[in-house]
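First up is the structure itself, then whatever we jot down about it.
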Amino acid sequence: MGEIFAGMPWWVKWIAVPVIALVVFGGLIATVIGFVIGLLFKLLVFVALVGGLVYVVRKFMSSSSSRGDW
């Protein structure tokens, strides 16, 4: 691979090839990035819901145990 780019100008290696790669694989890259961001968002929502559930259950358990009606 190094022999192919050896005689090329610097802008071919550092500008033209990455631009061509983005054009060809841009949709795939955007799909992967969108999937990862969506997964992180769902994980954040999951953690928030579980944390809220734990908070509500602890609050309910502490108030019901103080009354002693179990």
Side-chain angles (χ1 to χ4, degrees):
M1 195 67 157
E3 301 92 28
I4 295 172
F5 290 119
M8 298 287 177
W10 67 269
W11 59 269
V12 172
K13 290 188 273 189
W14 299 108
I15 296 175
V17 173
V19 167
I20 292 171
L22 281 175
V23 169
V24 172
F25 297 109
L28 178 66
I29 293 169
T31 302
V32 169
I33 290 174
F35 175 75
V36 169
I37 290 173
L39 192 64
L40 288 175
F41 178 74
K42 288 178 183 178
L43 183 67
L44 182 65
V45 169
F46 175 76
V47 168
L49 288 174
V50 170
L53 179 66
V54 168
Y55 174 78
V56 167
V57 168
R58 283 187 178 176
K59 197 76 158 170
F60 177 75
M61 294 295 287
S62 68
S63 67
S64 65
S65 65
S66 64
R67 289 187 309 212
D69 56 352
W70 276 93

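Reckoned from all heavy atoms, side chains included, excluding hydrogens, waters and symmetry mates. Everything numeric in this text was worked out from a predicted model, so none of it was measured.
- By the rule that hydrophobic residues join a cluster once side-chain heavy atoms approach within less than 4.5 Å of another member, I20 and W11 end up as members of separate clusters.
- Under the 4.5 Å side-chain heavy-atom criterion for ILVMFWY residues, no single connected hydrophobic cluster contains both Y55 and V57.
- Contact detail for P18 and I15: the closest heavy-atom pair is CD-O, 3.4 Å.
- Side-chain contacts under 4.5 Å among hydrophobic residues (ILVMFWY), followed directly or transitively, place V45 together with F41, L49.
- Cluster membership for V54 and F46, using ILVMFWY side-chain heavy atoms within less than 4.5 angstrom, is shared.
- One hydrophobic cluster, built from ILVMFWY side chains closer than 4.5 Å, holds both M8 and V17.
- The CG atom of L28 lies 11.5 Å from the CG atom of L22; values are rounded to the nearest 0.5 Å.
- When the side chains of ILVMFWY residues are joined at heavy-atom separations under 4.5 Å, either directly or via intervening members, L43 and V36 end up in two distinct hydrophobic clusters.
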